[in-house]
Amino acid sequence: MAKSAPLNLEQYGDSLPGEVRSFGGNGFYVDLIPSSAWFANLRAMMPLSQWKALSAYVRRRHHDCCEMCGSDKRLEAHERWSFDEKTQVQKLMRIMCLCKMCHLSVHIGVASQLGFREEVENHIFSMTGWGKNDLAKHLADSRDAWKALSRISWKQDVSIVQNAGLKMHDPDTLRSNIAVKHTALDEERTRSSIQMDEGIGELDLSREIREGYVAILWQNDADRLGGVPLSDALPYIAKHPSEVGEDANQIPLLTFIKAHNKPVTIRGKEHLDEVLKEAPGTARRLIVKSSWADDELIAECFKRAILFSFE
(Lines give C-alpha, C1' and ligand atoms only; values in the text may rest on other atoms or scores of the structure.)
Protein backbone atom coordinates (compact mmCIF):
# COMPACT_ATOMS: atom_id res chain seq x y z
CA MET A 1 0.00 0.00 0.00
CA ALA A 2 1.43 3.37 -0.99
CA LYS A 3 2.06 5.85 1.76
CA SER A 4 0.05 9.07 1.70
CA ALA A 5 1.95 12.24 0.90
CA PRO A 6 3.20 14.15 3.95
CA LEU A 7 1.03 17.06 5.04
CA ASN A 8 2.34 20.35 3.65
CA LEU A 9 0.40 23.32 4.96
CA GLU A 10 3.10 25.82 4.01
CA GLN A 11 1.95 25.59 0.38
CA TYR A 12 -1.11 27.65 1.33
CA GLY A 13 0.91 30.66 2.46
CA ASP A 14 -0.89 32.86 4.97
CA SER A 15 -4.40 31.42 4.55
CA LEU A 16 -5.90 27.97 4.32
CA PRO A 17 -8.34 27.35 1.42
CA GLY A 18 -11.49 29.34 2.18
CA GLU A 19 -10.16 30.84 5.42
CA VAL A 20 -11.09 34.48 6.12
CA ARG A 21 -8.11 35.81 8.11
CA SER A 22 -9.86 39.13 8.80
CA PHE A 23 -12.99 37.52 10.29
CA GLY A 24 -13.82 39.20 13.62
CA GLY A 25 -10.71 41.40 13.60
CA ASN A 26 -7.84 41.18 16.07
CA GLY A 27 -9.34 43.16 18.95
CA PHE A 28 -10.31 41.56 22.24
CA TYR A 29 -13.68 39.82 22.42
CA VAL A 30 -15.28 37.16 24.58
CA ASP A 31 -16.02 34.03 22.56
CA LEU A 32 -19.32 32.88 24.05
CA ILE A 33 -19.49 29.47 22.36
CA PRO A 34 -23.05 28.08 22.68
CA SER A 35 -23.21 25.40 25.36
CA SER A 36 -24.63 22.98 22.76
CA ALA A 37 -21.33 23.33 20.84
CA TRP A 38 -18.90 23.07 23.76
CA PHE A 39 -15.82 20.93 22.97
CA ALA A 40 -16.89 20.38 19.34
CA ASN A 41 -13.56 21.88 18.33
CA LEU A 42 -10.71 20.95 16.01
CA ARG A 43 -8.64 19.43 18.80
CA ALA A 44 -11.45 16.93 19.44
CA MET A 45 -12.20 16.43 15.74
CA MET A 46 -8.78 15.39 14.46
CA PRO A 47 -5.91 13.05 15.37
CA LEU A 48 -3.23 14.59 17.59
CA SER A 49 -0.60 14.54 14.83
CA GLN A 50 -2.88 16.57 12.54
CA TRP A 51 -3.68 19.06 15.29
CA LYS A 52 0.01 19.57 16.10
CA ALA A 53 0.83 20.19 12.43
CA LEU A 54 -2.00 22.71 12.12
CA SER A 55 -1.04 24.52 15.35
CA ALA A 56 2.60 24.79 14.23
CA TYR A 57 1.50 26.24 10.88
CA VAL A 58 -0.76 28.80 12.58
CA ARG A 59 2.11 29.94 14.83
CA ARG A 60 4.67 30.15 12.01
CA ARG A 61 2.51 32.15 9.65
CA HIS A 62 2.09 34.88 12.27
CA HIS A 63 5.80 34.88 13.11
CA ASP A 64 5.32 33.21 16.52
CA CYS A 65 3.45 36.04 18.21
CA CYS A 66 -0.07 36.54 19.52
CA GLU A 67 -2.47 38.14 17.04
CA MET A 68 -4.27 39.91 19.86
CA CYS A 69 -1.63 41.28 22.25
CA GLY A 70 1.67 40.57 20.46
CA SER A 71 3.14 38.29 23.12
CA ASP A 72 5.49 35.48 22.09
CA LYS A 73 4.80 33.40 25.23
CA ARG A 74 2.94 30.06 25.26
CA LEU A 75 1.26 30.36 21.86
CA GLU A 76 -1.83 28.33 20.96
CA ALA A 77 -4.26 27.95 18.05
CA HIS A 78 -7.72 29.46 18.54
CA GLU A 79 -10.71 28.83 16.28
CA ARG A 80 -13.15 31.52 15.22
CA TRP A 81 -16.57 30.29 14.17
CA SER A 82 -19.70 31.79 12.64
CA PHE A 83 -23.12 30.54 13.77
CA ASP A 84 -26.01 30.58 11.29
CA GLU A 85 -29.33 30.12 13.12
CA LYS A 86 -31.26 29.43 9.90
CA THR A 87 -29.03 26.60 8.68
CA GLN A 88 -27.91 25.60 12.21
CA VAL A 89 -24.37 25.39 10.88
CA GLN A 90 -21.33 26.31 12.97
CA LYS A 91 -18.70 27.20 10.37
CA LEU A 92 -14.98 27.48 11.01
CA MET A 93 -13.92 30.82 9.52
CA ARG A 94 -10.43 31.41 10.82
CA ILE A 95 -7.69 30.03 13.09
CA MET A 96 -5.78 32.58 15.18
CA CYS A 97 -2.46 32.44 16.97
CA LEU A 98 -3.08 33.53 20.58
CA CYS A 99 -0.96 33.49 23.71
CA LYS A 100 -2.21 31.41 26.63
CA MET A 101 -3.61 34.41 28.53
CA CYS A 102 -5.45 35.83 25.51
CA HIS A 103 -6.83 32.36 24.78
CA LEU A 104 -8.12 32.06 28.34
CA SER A 105 -9.52 35.59 28.08
CA VAL A 106 -11.66 34.94 25.02
CA HIS A 107 -12.90 31.75 26.72
CA ILE A 108 -13.51 33.53 30.02
CA GLY A 109 -16.34 31.19 30.99
CA VAL A 110 -14.12 28.10 30.93
CA ALA A 111 -11.27 30.09 32.53
CA SER A 112 -13.61 31.01 35.39
CA GLN A 113 -14.64 27.39 35.91
CA LEU A 114 -10.96 26.43 36.11
CA GLY A 115 -10.22 29.16 38.66
CA PHE A 116 -8.37 31.72 36.52
CA ARG A 117 -10.98 34.49 36.51
CA GLU A 118 -8.90 37.07 38.42
CA GLU A 119 -5.77 36.55 36.29
CA VAL A 120 -7.79 36.65 33.09
CA GLU A 121 -9.63 39.84 34.05
CA ASN A 122 -6.34 41.58 34.85
CA HIS A 123 -4.99 40.56 31.44
CA ILE A 124 -8.10 41.91 29.71
CA PHE A 125 -7.89 45.20 31.59
CA SER A 126 -4.20 45.62 30.70
CA MET A 127 -4.98 45.00 27.00
CA THR A 128 -8.09 47.13 26.68
CA GLY A 129 -7.95 49.77 29.40
CA TRP A 130 -11.34 48.54 30.57
CA GLY A 131 -12.58 48.26 34.15
CA LYS A 132 -14.92 45.68 35.68
CA ASN A 133 -18.02 47.57 34.56
CA ASP A 134 -16.84 47.61 30.94
CA LEU A 135 -16.22 43.87 30.97
CA ALA A 136 -19.57 43.21 32.66
CA LYS A 137 -21.34 45.21 29.93
CA HIS A 138 -19.44 43.36 27.20
CA LEU A 139 -20.58 40.03 28.67
CA ALA A 140 -24.16 41.19 29.26
CA ASP A 141 -24.50 42.43 25.66
CA SER A 142 -23.73 38.92 24.38
CA ARG A 143 -25.56 36.82 26.97
CA ASP A 144 -29.07 36.86 25.48
CA ALA A 145 -27.74 35.87 22.06
CA TRP A 146 -25.68 33.09 23.66
CA LYS A 147 -28.75 31.66 25.40
CA ALA A 148 -30.65 31.55 22.11
CA LEU A 149 -27.78 29.90 20.25
CA SER A 150 -27.34 27.34 23.01
CA ARG A 151 -30.80 25.93 22.26
CA ILE A 152 -29.66 24.81 18.80
CA SER A 153 -27.97 21.49 17.96
CA TRP A 154 -25.14 22.63 15.72
CA LYS A 155 -23.62 20.94 12.67
CA GLN A 156 -19.94 21.76 12.20
CA ASP A 157 -18.47 22.93 8.88
CA VAL A 158 -14.67 22.59 8.99
CA SER A 159 -14.12 22.69 5.23
CA ILE A 160 -11.18 25.10 5.46
CA VAL A 161 -9.06 22.44 7.14
CA GLN A 162 -10.51 19.48 5.24
CA ASN A 163 -9.75 21.23 1.93
CA ALA A 164 -6.16 21.56 3.12
CA GLY A 165 -5.89 17.78 3.46
CA LEU A 166 -6.27 17.50 7.26
CA LYS A 167 -8.06 14.34 8.34
CA MET A 168 -10.98 14.25 10.79
CA HIS A 169 -12.08 11.61 13.28
CA ASP A 170 -15.19 9.56 12.53
CA PRO A 171 -18.41 10.80 14.25
CA ASP A 172 -18.33 8.14 17.00
CA THR A 173 -14.77 9.07 18.00
CA LEU A 174 -15.69 12.75 18.00
CA ARG A 175 -18.69 12.16 20.29
CA SER A 176 -16.49 10.13 22.63
CA ASN A 177 -13.83 12.87 22.74
CA ILE A 178 -16.42 15.54 23.53
CA ALA A 179 -17.89 13.42 26.35
CA VAL A 180 -14.42 12.91 27.86
CA LYS A 181 -13.77 16.67 27.89
CA HIS A 182 -17.11 17.41 29.54
CA THR A 183 -16.36 14.82 32.23
CA ALA A 184 -12.86 16.20 32.84
CA LEU A 185 -14.19 19.74 33.28
CA ASP A 186 -16.92 18.58 35.67
CA GLU A 187 -14.37 16.65 37.73
CA GLU A 188 -12.05 19.66 37.92
CA ARG A 189 -14.92 21.89 39.08
CA THR A 190 -15.93 19.36 41.74
CA ARG A 191 -12.35 19.10 42.98
CA SER A 192 -11.85 22.84 43.34
CA SER A 193 -15.33 24.18 44.19
CA ILE A 194 -17.83 23.75 46.99
CA GLN A 195 -21.58 23.97 46.61
CA MET A 196 -22.96 26.78 48.74
CA ASP A 197 -26.52 27.13 50.03
CA GLU A 198 -29.37 26.84 47.55
CA GLY A 199 -29.57 29.82 45.24
CA ILE A 200 -25.99 31.00 45.89
CA GLY A 201 -24.21 28.55 43.56
CA GLU A 202 -20.63 27.30 43.63
CA LEU A 203 -17.69 28.84 45.45
CA ASP A 204 -14.61 28.44 43.24
CA LEU A 205 -11.46 27.97 45.34
CA SER A 206 -8.98 27.21 42.55
CA ARG A 207 -6.79 30.22 43.27
CA GLU A 208 -6.70 29.45 46.99
CA ILE A 209 -5.73 25.84 46.23
CA ARG A 210 -2.88 26.98 43.97
CA GLU A 211 -1.63 29.29 46.72
CA GLY A 212 -1.67 26.50 49.33
CA TYR A 213 -4.52 27.75 51.54
CA VAL A 214 -5.75 25.67 54.47
CA ALA A 215 -9.19 25.46 56.05
CA ILE A 216 -9.44 26.54 59.69
CA LEU A 217 -12.01 26.87 62.44
CA TRP A 218 -11.94 30.54 63.35
CA GLN A 219 -12.02 31.44 67.01
CA ASN A 220 -12.37 35.23 66.85
CA ASP A 221 -12.89 38.07 64.39
CA ALA A 222 -9.15 38.35 63.75
CA ASP A 223 -9.15 34.83 62.30
CA ARG A 224 -11.60 35.94 59.63
CA LEU A 225 -9.44 38.79 58.29
CA GLY A 226 -7.90 37.95 54.93
CA GLY A 227 -9.79 34.67 54.77
CA VAL A 228 -12.52 33.23 52.57
CA PRO A 229 -15.69 32.15 54.44
CA LEU A 230 -16.57 28.56 53.55
CA SER A 231 -19.93 28.54 55.32
CA ASP A 232 -22.49 31.18 56.27
CA ALA A 233 -23.55 29.31 59.44
CA LEU A 234 -20.42 27.57 60.77
CA PRO A 235 -16.94 29.03 61.37
CA TYR A 236 -15.07 27.44 58.47
CA ILE A 237 -12.55 29.78 56.81
CA ALA A 238 -9.88 29.37 54.08
CA LYS A 239 -6.62 31.21 54.82
CA HIS A 240 -3.01 31.24 53.73
CA PRO A 241 -0.80 29.24 56.14
CA SER A 242 1.35 32.31 56.82
CA GLU A 243 -1.70 33.94 58.44
CA VAL A 244 -2.68 30.94 60.57
CA GLY A 245 -1.40 30.43 64.10
CA GLU A 246 0.42 27.23 65.00
CA ASP A 247 -2.31 26.17 67.41
CA ALA A 248 -5.13 26.68 64.90
CA ASN A 249 -7.38 23.74 64.12
CA GLN A 250 -6.67 23.28 60.39
CA ILE A 251 -6.85 20.82 57.50
CA PRO A 252 -5.72 21.09 53.83
CA LEU A 253 -8.20 23.02 51.72
CA LEU A 254 -8.48 20.16 49.20
CA THR A 255 -9.45 17.84 52.06
CA PHE A 256 -12.11 20.32 53.20
CA ILE A 257 -13.57 20.49 49.67
CA LYS A 258 -13.62 16.71 49.38
CA ALA A 259 -15.46 16.47 52.70
CA HIS A 260 -17.88 19.29 51.90
CA ASN A 261 -18.89 17.67 48.62
CA LYS A 262 -19.88 14.41 50.36
CA PRO A 263 -23.02 15.43 52.32
CA VAL A 264 -24.83 12.93 54.55
CA THR A 265 -28.24 13.81 56.03
CA ILE A 266 -28.50 12.73 59.68
CA ARG A 267 -31.94 11.49 60.79
CA GLY A 268 -31.50 11.95 64.53
CA LYS A 269 -29.07 12.20 67.46
CA GLU A 270 -28.71 8.41 67.68
CA HIS A 271 -28.02 8.23 63.95
CA LEU A 272 -25.32 10.90 64.40
CA ASP A 273 -23.63 8.86 67.11
CA GLU A 274 -23.69 5.79 64.88
CA VAL A 275 -22.22 7.62 61.90
CA LEU A 276 -19.40 9.13 63.97
CA LYS A 277 -18.39 5.64 65.11
CA GLU A 278 -18.24 4.34 61.55
CA ALA A 279 -15.17 4.85 59.31
CA PRO A 280 -13.71 7.70 61.37
CA GLY A 281 -11.16 8.55 58.67
CA THR A 282 -13.76 9.22 55.94
CA ALA A 283 -14.00 12.87 54.90
CA ARG A 284 -17.64 13.99 54.68
CA ARG A 285 -20.17 16.63 55.68
CA LEU A 286 -23.00 15.80 58.08
CA ILE A 287 -26.26 17.73 57.77
CA VAL A 288 -27.74 17.97 61.27
CA LYS A 289 -30.00 20.02 63.50
CA SER A 290 -27.95 22.64 65.31
CA SER A 291 -28.86 21.18 68.71
CA TRP A 292 -27.11 17.90 67.86
CA ALA A 293 -23.58 19.33 67.50
CA ASP A 294 -21.91 21.64 70.02
CA ASP A 295 -18.69 23.57 69.49
CA GLU A 296 -16.56 20.86 71.08
CA LEU A 297 -17.91 18.14 68.77
CA ILE A 298 -17.50 20.37 65.71
CA ALA A 299 -13.86 21.09 66.59
CA GLU A 300 -13.04 17.45 67.32
CA CYS A 301 -14.65 16.22 64.09
CA PHE A 302 -12.97 18.94 62.02
CA LYS A 303 -9.56 17.38 62.77
CA ARG A 304 -10.81 14.23 61.00
CA ALA A 305 -12.29 16.21 58.08
CA ILE A 306 -15.82 15.58 59.28
CA LEU A 307 -17.76 18.79 58.74
CA PHE A 308 -21.21 19.94 59.78
CA SER A 309 -24.02 21.84 58.13
CA PHE A 310 -27.19 22.84 59.92
CA GLU A 311 -30.66 22.10 58.58
Side-chain angles (χ1 to χ4, degrees), residues 111-122 132 185-311:
S112 298
Q113 291 179 344
L114 296 177
F116 293 100
R117 179 70 179 226
E118 184 176 352
E119 294 92 328
V120 161
E121 285 190 353
N122 288 336
K132 285 186 176 292
L185 182 59
D186 288 342
E187 288 177 351
E188 177 64 25
R189 291 173 62 190
T190 299
R191 196 184 78 89
S192 60
S193 301
I194 61 176
Q195 189 68 38
M196 304 299 283
D197 291 340
E198 186 176 354
I200 297 178
E202 292 180 339
L203 174 61
D204 177 25
L205 296 164
S206 300
R207 180 181 66 83
E208 287 77 11
I209 291 170
R210 293 197 303 273
E211 295 179 7
Y213 275 47
V214 296
I216 69 167
L217 275 172
W218 62 270
Q219 305 298 318
N220 52 54
D221 288 343
D223 287 339
R224 302 178 65 179
L225 296 176
V228 179
L230 303 175
S231 169
D232 61 354
L234 288 164
Y236 301 129
I237 297 287
K239 295 196 73 167
H240 193 274
S242 63
E243 299 177 338
V244 176
E246 293 182 1
D247 58 343
N249 195 347
Q250 63 179 281
I251 59 175
L253 185 54
L254 278 173
T255 302
F256 181 94
I257 294 171
K258 180 181 178 181
H260 189 280
N261 290 338
K262 289 185 176 181
V264 177
T265 299
I266 302 300
R267 300 186 300 273
K269 186 63 170 63
E270 291 184 358
H271 182 211
L272 174 61
D273 294 337
E274 292 173 5
V275 168
L276 292 178
K277 292 176 182 177
E278 299 170 354
T282 303
R284 55 206 157 154
R285 176 166 56 97
L286 309 181
I287 303 175
V288 304
K289 292 186 181 298
S290 58
S291 59
W292 299 343
D294 57 25
D295 291 345
E296 183 178 353
L297 179 62
I298 291 171
E300 185 59 35
C301 287
F302 183 75
K303 297 173 184 177
R304 296 184 285 152
I306 298 176
L307 314 177
F308 289 88
S309 287
F310 292 148
E311 291 181 337

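Sequence positions, counted from 1, serve as the residue numbers for this chain.
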Report task. Using a strict cut-off of less than 4.0 Å between a Lys/Arg side-chain nitrogen and an Asp/Glu carboxylate oxygen, indicate whether K269 and D273 qualify as a salt bridge. Result -> yes

Report task. Taking the six-membered ring for Trp and the single ring otherwise, decide whether the centroids of F302 and F308 are under 6.0 Å apart. Result -> no

Report task. Take atom CD of E311 as the centre, draw a 6.0 Å sphere, and report whether it contains more than 12 heavy atoms from other residues, nucleotides or ligands. Result -> yes

Query - Distance in Å, Y236 OH paired with S309 OG, rounded so as to fall on 0.5 Å steps - result: 7.0 Å

Query raised in the report: Do you know the tightest heavy-atom contact between R284 and V275?
Result: NH2-O, 3.1 Å

Report summary line: Correct closest heavy-atom pair for H271 and R267 would be ND1-N, 2.9 Å

Query raised in the report: Going through the distances and angles, do I209 and L253 end up as a side chain to side chain contact (heavy atoms under 4.5 Å, CB included)?
Result: CA-CA 7 Å; I209 291 170; L253 185 54; 4.1 Å; yes

Query raised in the report: Are side-chain heavy atoms of P241 and V214 found at a separation under 4.5 Å?
Result: yes

**Report entry** Sidechain-backbone polar pair: H260 side chain, F256 backbone, donor-acceptor under 3.5 Å
**Finding:** no

Query raised in the report: Does the side chain of L234 come within less than 4.5 Å of L217's, by heavy atoms?
Result: no

**Report entry** C301 side chain near L307 side chain, heavy-atom distance below 4.5 Å
**Finding:** no

Query raised in the report: Between CZ of R304 and OG1 of T255, what distance do you get to the nearest 0.5 Å?
Result: 14.5 Å

Query raised in the report: Going by heavy atoms in the side chains, are V264 and I287 under 4.5 Å from each other?
Result: no

Report summary line: Minimal heavy-atom distance between L230 and I237, with the atoms involved, is CD1-C, 3.8 Å

Query - Atom CG of N122: over 12 foreign heavy atoms under 6.0 Å - result: yes

Query raised in the report: What distance do R285 atom CZ and I257 atom CD1 have between them, rounded to the nearest 0.5 Å?
Result: 12.5 Å

Query - Which atom of A248 lies closest to which atom of V244, heavy atoms considered - result: CB-CG1, 3.3 Å

Report summary line: Heavy-atom nearest pair, A293 first then V288, reads CB-CG2, 4.3 Å

Query raised in the report: Under a 4.5 Å cut-off applied to non-hydrogen side-chain atoms, are L272 and L297 in contact?
Result: yes

Query raised in the report: When rounded to the nearest 0.5 angstrom, what is the spacing between NZ in K132 and CD in E121?
Result: 3.5 Å

Query raised in the report: Distance from E300 atom CD to D295 atom CG, nearest 0.5 Å?
Result: 13.0 Å

Report task. Would you give the length of the straight line joining atom CG of L254 to atom CD of E208, rounded to the nearest 0.5 angstrom? Result -> 11.5 Å

